[in-house]
There are 2 protein chains.
Amino acid sequence: MNPDLLPEGLRDRLMPDAEAAALLTQRYLGVLASHGYERVAPPLMEYERSLAFRTDGYAKDRMVRAVDPQSLRTLALRSDMTVQIGRIATTRLADKARPLRLSYAGPVMTLAAGQLRPERERFQIGAELIGRDTVAAAVEIVSLAVEALKAVGLTGITVDFTLPDLVPTLANKAFPLADEAMIAAVERELDTKDAGGLAAIGADAYIPLLYAMGPLDEALAKLNAIDAGGALASRIEALRQIAAPLEDDVTLMLDPSERHGFEYQSWFGFTLYAEGFPSAVGRGGTYAIRSQANSVSHGEDEVATGFSLYPDPLVAAGIGHAQAKRIFLPLGYEPAAAATLRGEGWRTVAALDESDDARALGCAYILGTDGPEKIA
Amino acid sequence: MNPDLLPEGLRDRLMPDAEAAALLTQRYLGVLASHGYERVAPPLMEYERSLAFRTDGYAKDRMVRAVDPQSLRTLALRSDMTVQIGRIATTRLADKARPLRLSYAGPVMTLAAGQLRPERERFQIGAELIGRDTVAAAVEIVSLAVEALKAVGLTGITVDFTLPDLVPTLANKAFPLADEAMIAAVERELDTKDAGGLAAIGADAYIPLLYAMGPLDEALAKLNAIDAGGALASRIEALRQIAAPLEDDVTLMLDPSERHGFEYQSWFGFTLYAEGFPSAVGRGGTYAIRSQANSVSHGEDEVATGFSLYPDPLVAAGIGHAQAKRIFLPLGYEPAAAATLRGEGWRTVAALDESDDARALGCAYILGTDGPEKIA
């Protein structure tokens, strides 16, 4: 085997991408900090049980695991940071006033690659508003996510809303379904956008939901028309309120029955897209932070609203690349002059011996007696 | 077991430490970038063989390992990033002009805690000057490390030099030793500073080395006196050159036979200390990047000089903490006014409902009709 190769789905980020990724992260986090979100940083690994419990065991089989030689218990490498932030909020920060605004950034990893994504490691940045899952919380979180995307220069932003608990909500009132199994069956048919399937299981009333999607205004009108008993009235009003501050800036869409990737969301979810990027650049929504009975939170779940952003595709598209100029410092250069240049934003590359070549070392300038000179 | 607990040696970083760590990292990397070091970012995990080969298997048993379901080969989580940078330099960047200046930052982890360090995860930041292990390279690297430490506000900096291959060098000329085993035996006795042990194995000539330590000038004079055959003349001269630009700024020490932590260093190593920190804040030296025979580098080792910095203890000491002011935005606040405040560096905390308490949310100011008002 070739020792130069990396495992599939893992990769080196070289120059200038690695710096761009750091710069993007910095800008994203700067926006979150300016809105009062305070940074926390959980460890790379935790007890597997703790991570798996908080994700309902969802990604358990996909996580990197190792037996801890000290406790002899299984540790797992995080595949998502949101659950770690939930743990921090409900344990060490349980006594802090709510709403609690937290931000975070770091690598996450799965042992097995996903079906659609070959990469096994990616960078995650996010904000979580702990203690609130109200419309006001959703307004802040969606607006904040959009502001962050704009701050790094993304354009043509689309926010795609969804209502993750749509079926149980309707089943509870407007369109009764026999039991949990039937609710799950209807959700499965909606997931595959299968009208015939819905008819086959006798859930015809749910078929119009397949068509209540598209531009937000139109989709909400259709949803409103379907919503005979008013079961969705508050949800429709909530989406209108969340949309209001964004209408002029971004494209707003609704796919009310979309659940993929929203397994943990409660009543509201959203996906972020930007021009030039085929896949999502972020996603978020409302959710409950699960709590164990013997935790300081005594098994009482806490609500939250938040989002995660994934900067990797942005870097690949050239966003965030610094434009610093490199200048070569010939042997015997004046240290003070070089320091002044660095203070002005130049990147200096000092000659170590006669063989060093300014051009080959990426310098378009050389420090001459009268300052920077462009290399011919 | 308490589900709130983290495994021993792993921890959450809360506010304001997490932000401070990010800020410190940024400043360190900013200094490295200003000197032409370009950032690269290797993945968290690689094939275990690749990592272990480059560290002579040193930390293999201490690394987190997992079987890759795709290749069925063992992956390992990095316990050090330097070896990854070496791999990048000699494979994907093999064709780039030398000297190649690379920087990096990221978490590293071991499964088992070290004897002296309970933490299993720590943050590593570094610079590697690939293709040179000359005196000029050492001058640049040591000066750069000191400049980085100063840039984050460290004072009372001490640089402690060592000569990792001191014994083989002397054995080769001045004080002959029978074989490799004897060289190793002498090194072991020097490691434990055991004069009696050296006498017992008949290596009396090496005993004075135990006393050639302390402030650089004095220690170099002693070393010079020991160095009958002139075997160390070039090393002594090199240390003088490396020290010259630093003499006025930092305390310079020499412990020529110190090898702990310098297992991979060739002729030169150094440890960085700062006032208020009992343990090292960084270390570095010259070394060879090992290359496998079937690699693009055809098994030819390449020389390098570099250093690593560990910001965690600095954060714990309160270095890097931001002093941003938080201002509460009452319900119905003017969005434009809030945006202006954020532009000025304020951190805004918006009320979501009537129950939100400015004080409890960490705000000393509230946005009034005429701007920020200090909360009484």
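Note that the coordinates shown come from a computational prediction; the quantities given were computed from them, not determined experimentally. Lettering follows sequence order; numbering is per chain, from 1.
If you measure heavy-atom distances from R11(B) to chain A, the contacts under 4.5 Å come from the backbone alone. Of the two parts of V31(A), neither the backbone nor the side chain holds a non-hydrogen atom closer than 4.5 Å to a non-hydrogen atom of chain B. At a 4.5 Å heavy-atom cutoff, the contact between M109(A) and chain B is made by side-chain atoms alone. With a 4.5 Å cut-off on non-hydrogen atoms, L77(B) touches chain A through its side chain but not through its backbone. Residue R132(A) touches chain B through its side chain alone, counting heavy-atom pairs closer than 4.5 Å. Only the side chain of L129(A) has a heavy atom closer than 4.5 Å to any heavy atom of chain B. In this structure, the portion of E121(A) lying under 4.5 Å from any heavy atom of chain B is its side chain and not its backbone. Heavy atoms of L102(A) lying under 4.5 Å from chain B belong exclusively to its side chain. With a 4.5 angstrom heavy-atom cutoff, Q26(B) touches chain A only via side-chain atoms. With a 4.5 angstrom heavy-atom cutoff, E147(A) touches chain B only via side-chain atoms. Proximity to chain A is limited to the backbone of V67(B), based on heavy atoms less than 4.5 angstrom apart.
Ranked by heavy-atom pairs shorter than 4.5 Å toward chain A, the options P245(B), G30(B), P16(B), A97(B) are led by A97(B). If you tally non-hydrogen atom pairs under 4.5 Å between each of A137(B), P335(B), P69(B) and chain A, the highest count goes to P69(B). When each of H35(A), R39(A), R13(A) is scored by its heavy-atom pairs under 4.5 Å with chain B, the top score falls to H35(A). Between chain B and the options E38(A), E19(A), E8(A), E140(A), the largest number of non-hydrogen pairs under 4.5 Å is found for E38(A). When each of S34(A), A136(A), S355(A) is scored by its heavy-atom pairs under 4.5 Å with chain B, the top score falls to S34(A). Taking D12(B), L10(B), V40(B), L111(B) one by one and counting their heavy-atom pairs under 4.5 Å with chain A, the maximum is reached by D12(B). For the options A322(A), S103(A), A33(A), P107(A), heavy-atom pairs under 4.5 Å to chain B are most numerous at A33(A). Counting heavy-atom pairs closer than 4.5 Å to chain B, the top-ranked of the candidates G36(A), A20(A), A338(A), A112(A) is G36(A). Taking chain B as the reference chain and counting heavy-atom pairs below 4.5 Å, the highest number among A18(A), A21(A), A41(A) is found for A41(A). The candidate with the highest count of non-hydrogen atom pairs below 4.5 Å against chain A, out of P99(B), A66(B), G106(B), is P99(B).
When side chains are defined from C-beta on, L14(B) counts as touching L93(A), because their heavy atoms get closer than 4.5 Å. The shortest distance between side-chain heavy atoms of Q70(A) and R120(B) falls below 4.5 Å. In this structure the side chain of L6(A) reaches within 4.5 angstrom of the side chain of R87(B), judged on heavy atoms. Counting only heavy atoms from C-beta outward, the side chains of L44(B) and L44(A) approach each other to under 4.5 Å.
Heavy-atom neighbours of chain B within the stretch residues 340-352 of chain A, taken at a separation under 4.5 angstrom, comprise R342(A), W346(A), R347(A), T348(A), V349(A), A350(A), L352(A). Among the residues in residues 357-364 of chain A, those with a non-hydrogen atom closer than 4.5 angstrom to a non-hydrogen atom of chain B are A360(A), L361(A).
Here the straight-line distance linking atom CE of M15(A) with atom CG of L100(B) works out to 5.5 Å at 0.5 Å rounding.
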